[in-house]
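Below is one structure, written out as C-alpha coordinates; the observations come after it.
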Amino acid sequence: MIYYLEDDEQIRNLTLYTLAQTGHETRGFACASELYEALEQAVPDLFILDVMLPGEDGISVLKKLRGRPDTENVPVMMLTAKSTEFDTVLGLDSGADDYLAKPFGMMELLSRVNALLRRVRRDAELARQASDAASERSEAVEKADIMDAGPIHLDAARYVVEVAGIEVRLTHKEFETLRFLMHNRGIVVSRGQLLDQVWGYEVAGETRTVDAHIQTLRKKLGEADSQAASLIETVRGVGYRMKG
(Lines give C-alpha, C1' and ligand atoms only; values in the text may rest on other atoms or scores of the structure.)
Protein backbone atom coordinates (compact mmCIF):
# COMPACT_ATOMS: atom_id res chain seq x y z
CA MET A 1 0.00 0.00 0.00
CA ILE A 2 1.25 3.49 -0.93
CA TYR A 3 -0.07 6.67 0.71
CA TYR A 4 0.27 9.77 -1.51
CA LEU A 5 -0.20 13.25 -0.03
CA GLU A 6 -0.70 15.88 -2.76
CA ASP A 7 -3.08 18.85 -2.77
CA ASP A 8 -3.16 19.23 -6.58
CA GLU A 9 -6.05 16.97 -7.58
CA GLN A 10 -4.96 16.61 -11.22
CA ILE A 11 -1.40 15.56 -10.34
CA ARG A 12 -2.66 13.32 -7.53
CA ASN A 13 -5.16 11.49 -9.73
CA LEU A 14 -2.68 11.02 -12.58
CA THR A 15 0.00 9.65 -10.25
CA LEU A 16 -2.43 7.34 -8.45
CA TYR A 17 -3.73 6.06 -11.79
CA THR A 18 -0.19 5.35 -13.02
CA LEU A 19 0.75 3.54 -9.82
CA ALA A 20 -2.46 1.51 -9.89
CA GLN A 21 -1.90 0.52 -13.53
CA THR A 22 1.49 -0.91 -12.59
CA GLY A 23 0.07 -3.08 -9.83
CA HIS A 24 0.43 -0.84 -6.78
CA GLU A 25 -2.34 -0.44 -4.24
CA THR A 26 -2.66 3.26 -3.44
CA ARG A 27 -4.60 5.86 -1.48
CA GLY A 28 -4.47 9.60 -2.11
CA PHE A 29 -4.95 12.48 0.32
CA ALA A 30 -5.38 16.20 -0.22
CA CYS A 31 -4.27 17.29 3.26
CA ALA A 32 -2.30 16.04 6.24
CA SER A 33 -5.35 15.48 8.44
CA GLU A 34 -6.78 12.95 5.96
CA LEU A 35 -3.49 11.03 5.97
CA TYR A 36 -3.32 10.96 9.78
CA GLU A 37 -6.90 9.65 9.92
CA ALA A 38 -6.02 6.85 7.47
CA LEU A 39 -3.02 5.89 9.62
CA GLU A 40 -5.37 5.01 12.45
CA GLN A 41 -6.68 2.20 10.24
CA ALA A 42 -3.54 0.95 8.46
CA VAL A 43 0.15 1.77 7.96
CA PRO A 44 1.38 1.72 4.33
CA ASP A 45 4.57 0.30 2.84
CA LEU A 46 5.58 3.69 1.43
CA PHE A 47 4.71 7.38 1.77
CA ILE A 48 4.95 9.89 -1.09
CA LEU A 49 4.71 13.44 0.27
CA ASP A 50 4.49 16.73 -1.58
CA VAL A 51 6.47 19.44 0.23
CA MET A 52 4.36 22.47 -0.68
CA LEU A 53 0.93 21.95 0.88
CA PRO A 54 -1.73 24.28 2.26
CA GLY A 55 -1.74 24.24 6.04
CA GLU A 56 0.78 21.68 7.29
CA ASP A 57 3.64 21.22 4.82
CA GLY A 58 5.31 17.98 3.80
CA ILE A 59 8.43 18.48 5.93
CA SER A 60 6.28 18.84 9.05
CA VAL A 61 4.35 15.69 8.12
CA LEU A 62 7.65 13.85 7.54
CA LYS A 63 8.97 14.80 10.98
CA LYS A 64 5.76 13.56 12.62
CA LEU A 65 5.93 10.26 10.74
CA ARG A 66 9.53 9.78 11.89
CA GLY A 67 8.38 10.46 15.46
CA ARG A 68 5.73 7.72 15.45
CA PRO A 69 6.77 4.16 16.41
CA ASP A 70 4.54 2.65 13.71
CA THR A 71 5.90 4.79 10.85
CA GLU A 72 9.45 5.71 11.90
CA ASN A 73 10.97 3.14 9.54
CA VAL A 74 8.48 3.33 6.66
CA PRO A 75 10.27 4.77 3.59
CA VAL A 76 9.29 8.27 2.49
CA MET A 77 9.77 9.93 -0.89
CA MET A 78 9.45 13.72 -1.05
CA LEU A 79 8.09 15.49 -4.13
CA THR A 80 8.95 19.16 -4.40
CA ALA A 81 8.77 22.00 -6.88
CA LYS A 82 11.86 23.38 -5.18
CA SER A 83 15.21 22.10 -6.40
CA THR A 84 17.62 24.10 -4.27
CA GLU A 85 20.26 22.26 -2.29
CA PHE A 86 18.85 23.67 0.96
CA ASP A 87 15.39 22.15 0.42
CA THR A 88 16.90 18.83 -0.63
CA VAL A 89 19.19 18.61 2.40
CA LEU A 90 16.38 19.73 4.74
CA GLY A 91 14.15 16.89 3.54
CA LEU A 92 16.88 14.28 3.72
CA ASP A 93 18.08 15.48 7.12
CA SER A 94 14.50 15.23 8.40
CA GLY A 95 14.43 11.55 7.53
CA ALA A 96 13.33 11.26 3.90
CA ASP A 97 14.69 8.27 1.98
CA ASP A 98 14.56 9.90 -1.44
CA TYR A 99 13.27 12.98 -3.22
CA LEU A 100 12.08 13.86 -6.71
CA ALA A 101 11.80 17.38 -8.08
CA LYS A 102 8.74 18.52 -10.02
CA PRO A 103 8.02 18.27 -12.86
CA PHE A 104 8.89 14.59 -12.88
CA GLY A 105 8.39 11.80 -15.39
CA MET A 106 6.11 8.95 -14.42
CA MET A 107 8.67 6.33 -15.44
CA GLU A 108 11.26 7.87 -13.13
CA LEU A 109 8.73 8.02 -10.29
CA LEU A 110 7.88 4.34 -10.81
CA SER A 111 11.57 3.45 -10.83
CA ARG A 112 12.14 5.23 -7.51
CA VAL A 113 8.98 3.76 -5.95
CA ASN A 114 9.91 0.23 -6.99
CA ALA A 115 13.44 0.67 -5.66
CA LEU A 116 12.16 1.82 -2.26
CA LEU A 117 9.68 -1.05 -2.07
CA ARG A 118 12.40 -3.53 -3.00
CA ARG A 119 14.44 -2.15 -0.13
CA VAL A 120 11.51 -2.70 2.23
CA ARG A 121 11.22 -6.34 1.15
CA ARG A 122 14.98 -6.81 1.29
CA ASP A 123 15.23 -5.30 4.78
CA ALA A 124 12.32 -7.45 5.98
CA GLU A 125 14.01 -10.57 4.63
CA LEU A 126 17.33 -9.57 6.18
CA ALA A 127 15.60 -8.94 9.51
CA ARG A 128 13.96 -12.38 9.33
CA GLN A 129 17.26 -14.04 8.51
CA ALA A 130 19.00 -12.16 11.29
CA SER A 131 16.34 -13.23 13.75
CA ASP A 132 16.56 -16.89 12.67
CA ALA A 133 20.33 -16.88 12.94
CA ALA A 134 20.63 -14.79 16.11
CA SER A 135 21.08 -17.77 18.41
CA GLU A 136 23.79 -19.23 16.16
CA ARG A 137 25.90 -16.13 15.59
CA SER A 138 29.46 -16.70 16.70
CA GLU A 139 31.76 -14.21 18.40
CA ALA A 140 33.80 -13.95 15.20
CA VAL A 141 30.73 -12.94 13.20
CA GLU A 142 29.81 -10.39 15.84
CA LYS A 143 33.27 -8.84 15.60
CA ALA A 144 32.93 -8.67 11.81
CA ASP A 145 29.95 -6.37 12.33
CA ILE A 146 32.17 -3.84 14.07
CA MET A 147 34.29 -1.37 12.08
CA ASP A 148 36.51 1.54 13.09
CA ALA A 149 38.04 4.42 11.15
CA GLY A 150 39.82 7.09 13.14
CA PRO A 151 37.40 8.26 15.84
CA ILE A 152 34.43 6.60 14.07
CA HIS A 153 33.12 3.35 15.57
CA LEU A 154 30.31 1.54 13.70
CA ASP A 155 28.51 -1.42 15.26
CA ALA A 156 26.25 -2.90 12.58
CA ALA A 157 24.73 -5.51 14.90
CA ARG A 158 23.49 -2.81 17.29
CA TYR A 159 22.98 -0.30 14.45
CA VAL A 160 25.00 2.29 16.37
CA VAL A 161 27.62 4.83 15.27
CA GLU A 162 29.85 6.56 17.79
CA VAL A 163 32.38 9.30 17.13
CA ALA A 164 35.01 9.84 19.80
CA GLY A 165 32.73 7.96 22.20
CA ILE A 166 29.68 10.10 21.38
CA GLU A 167 26.68 8.39 19.76
CA VAL A 168 25.67 10.02 16.47
CA ARG A 169 22.09 9.58 15.27
CA LEU A 170 21.98 8.82 11.55
CA THR A 171 19.13 8.17 9.15
CA HIS A 172 18.91 4.72 7.54
CA LYS A 173 20.51 5.91 4.29
CA GLU A 174 23.28 7.80 6.12
CA PHE A 175 24.10 4.71 8.19
CA GLU A 176 24.18 2.42 5.14
CA THR A 177 26.30 4.94 3.20
CA LEU A 178 28.81 5.13 6.06
CA ARG A 179 28.85 1.35 6.45
CA PHE A 180 29.54 0.84 2.73
CA LEU A 181 32.36 3.41 2.77
CA MET A 182 33.91 1.89 5.91
CA HIS A 183 33.61 -1.63 4.52
CA ASN A 184 35.55 -0.42 1.46
CA ARG A 185 37.95 1.75 3.45
CA GLY A 186 40.83 3.03 1.30
CA ILE A 187 38.98 2.18 -1.93
CA VAL A 188 37.33 4.82 -4.11
CA VAL A 189 33.62 4.04 -4.58
CA SER A 190 31.63 5.79 -7.28
CA ARG A 191 28.31 7.53 -6.83
CA GLY A 192 26.80 4.84 -9.04
CA GLN A 193 28.06 2.12 -6.68
CA LEU A 194 26.53 3.93 -3.71
CA LEU A 195 23.21 4.35 -5.51
CA ASP A 196 23.18 0.66 -6.38
CA GLN A 197 24.28 -0.65 -2.97
CA VAL A 198 22.43 1.76 -0.67
CA TRP A 199 19.39 2.85 -2.71
CA GLY A 200 18.98 -0.26 -4.86
CA TYR A 201 19.00 1.49 -8.23
CA GLU A 202 21.23 3.50 -10.52
CA VAL A 203 20.03 6.41 -12.67
CA ALA A 204 22.42 7.85 -15.22
CA GLY A 205 23.46 11.36 -14.22
CA GLU A 206 21.74 11.15 -10.80
CA THR A 207 24.34 12.30 -8.27
CA ARG A 208 22.53 14.83 -6.13
CA THR A 209 20.93 12.23 -3.87
CA VAL A 210 24.32 10.73 -2.97
CA ASP A 211 26.06 14.09 -2.65
CA ALA A 212 23.33 15.45 -0.37
CA HIS A 213 23.55 12.41 1.92
CA ILE A 214 27.36 12.68 2.05
CA GLN A 215 27.01 16.33 3.02
CA THR A 216 24.61 15.65 5.90
CA LEU A 217 26.69 12.64 6.98
CA ARG A 218 29.86 14.74 7.17
CA LYS A 219 28.01 17.42 9.09
CA LYS A 220 26.74 14.99 11.74
CA LEU A 221 30.11 13.25 12.12
CA GLY A 222 31.92 16.59 12.26
CA GLU A 223 29.68 17.90 15.01
CA ALA A 224 31.08 15.16 17.26
CA ASP A 225 34.69 15.36 16.05
CA SER A 226 36.01 17.53 13.21
CA GLN A 227 38.51 14.84 12.23
CA ALA A 228 35.69 12.39 11.53
CA ALA A 229 34.14 14.51 8.75
CA SER A 230 37.51 14.80 6.96
CA LEU A 231 37.81 11.00 6.76
CA ILE A 232 35.23 10.95 3.95
CA GLU A 233 37.35 12.15 1.06
CA THR A 234 35.91 13.43 -2.23
CA VAL A 235 37.77 12.06 -5.25
CA ARG A 236 36.96 14.60 -7.93
CA GLY A 237 35.21 13.17 -10.93
CA VAL A 238 35.05 9.67 -9.43
CA GLY A 239 33.30 9.41 -6.07
CA TYR A 240 34.24 9.07 -2.40
CA ARG A 241 36.81 7.24 -0.26
CA MET A 242 36.91 6.52 3.46
CA LYS A 243 40.34 7.20 4.92
CA GLY A 244 41.63 6.09 8.28
Side-chain angles (χ1 to χ4, degrees), residues 59 62-63 65-67 72-73 75-78 84-99 115-116 119 122-123 126-127 130 137 139-202 206-244:
I59 297 295
L62 170 62
K63 290 179 178 179
L65 293 176
R66 288 295 174 251
E72 61 179 348
N73 294 316
V76 177
M77 177 186 292
M78 304 300 295
T84 65
E85 183 178 10
F86 173 80
D87 293 302
T88 300
V89 172
L90 178 61
L92 295 173
D93 202 37
S94 298
D97 294 272
D98 201 0
Y99 78 97
L116 286 172
R119 193 211 83 188
R122 182 182 64 195
D123 288 353
L126 288 174
R137 290 176 64 93
E139 183 178 350
V141 173
E142 291 289 349
K143 289 181 178 178
D145 286 335
I146 297 175
M147 293 180 283
D148 293 282
I152 305 173
H153 175 79
L154 186 148
D155 187 333
R158 296 191 300 125
Y159 219 77
V160 170
V161 171
E162 295 178 343
V163 177
I166 302 171
E167 183 174 350
V168 178
R169 299 293 297 274
L170 301 179
T171 66
H172 176 78
K173 285 294 189 292
E174 291 164 353
F175 184 94
E176 294 302 325
T177 297
L178 179 61
R179 177 157 66 172
F180 187 68
L181 289 171
M182 292 182 71
H183 182 73
N184 294 279
R185 189 169 61 219
I187 301 173
V188 179
V189 296
S190 69
R191 292 173 175 85
Q193 286 177 294
L194 284 166
L195 277 171
D196 181 60
Q197 294 296 319
V198 178
W199 278 263
Y201 63 86
E202 183 173 353
E206 176 57 68
T207 62
R208 292 175 298 173
T209 296
V210 172
D211 292 340
H213 274 78
I214 291 290
Q215 180 178 342
T216 58
L217 178 57
R218 281 174 171 157
K219 177 183 176 183
K220 291 181 180 181
L221 296 175
E223 287 174 350
D225 187 310
S226 58
Q227 179 193 354
S230 67
L231 292 177
I232 302 177
E233 179 183 21
T234 299
V235 181
R236 188 177 298 276
V238 183
Y240 298 96
R241 174 171 53 209
M242 171 63 72
K243 299 186 294 183

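Side chains included, hydrogens not; waters and symmetry mates left out as well; all remaining heavy atoms used.
- Here the closest heavy-atom approach between residue G239 and residue V188 is recorded as N-CG1, 4.4 Å.
- Expressed to the nearest 0.5 Å, how far CG of L181 lies from CD of E233 amounts to 11.5 Å.
- The shortest non-hydrogen separation linking A96 to M78 is CB-CG, 3.5 Å.
- D97 contributes a side-chain N or O that, together with a main-chain N or O of V76, makes up a donor-acceptor pair within less than 3.5 Å.
- The shortest non-hydrogen separation linking E162 to V160 is CG-CG1, 3.9 Å.
- At distances below 3.5 Å, not a single donor-acceptor pair connects side-chain atoms of R241 with backbone N or O atoms of I187.
- Atom OG1 of residue T209 and atom CG of residue L195 lie 6.5 Å apart, to the nearest 0.5 angstrom.
- Considering NE2 of H153 and CD1 of I166, their distance stands at 14.0 Å, rounded to 0.5 Å.
- One finds the CD1 atom of I152 at 5.0 Å from the CG atom of L221 (value rounded to the nearest 0.5 Å).
- When atom types are taken as modelled, the side chain of R66 and the backbone of G95 share a donor-acceptor pair closer than 3.5 angstrom.
- Here the side chains of K219 and Q215 are not in contact, with every heavy-atom distance at 4.5 Å or above.
- Closest of all the heavy-atom pairs between R179 and A156 is NH1-CB, 3.1 Å.
- In terms of heavy-atom proximity, A224 sits nearest to V168 at CB-CG2, 4.0 Å.
- A donor-acceptor contact shorter than 3.5 Å is absent between the side chain of W199 and the backbone of K173.
- Here the straight-line distance linking atom CG of D211 with atom OG1 of T216 works out to 11.0 Å at 0.5 Å rounding.
- Looking at heavy atoms from C-beta onward, L231 lies in side-chain contact with M242 at the 4.5 angstrom threshold.
- Identified under the ring-ring contact (aromatic ring centres under 6.0 Å, His included) test for residues 157-195, with sequence neighbours left out: Y159-F175.
- Inter-residue side-chain proximity for Y240 and N184 is flagged as unmet; no heavy-atom pair is nearer than 4.5 Å.
- When side chains are defined from C-beta on, L178 does not count as touching E174, because their heavy atoms never get closer than 4.5 Å.
- Looking only at side-chain heavy atoms (C-beta outward), T171 and K220 come within less than 4.5 Å of each other.
- In this structure, the side chains of T234 and I214 stay at 4.5 Å or more apart for every pair of heavy atoms.
- Nearest heavy atom pair, residue A164 against residue D225, reads CB-OD2, 3.8 Å.
- Distance check: L217 CG to T177 OG1 gives 7.0 Å after rounding to the nearest 0.5 Å.
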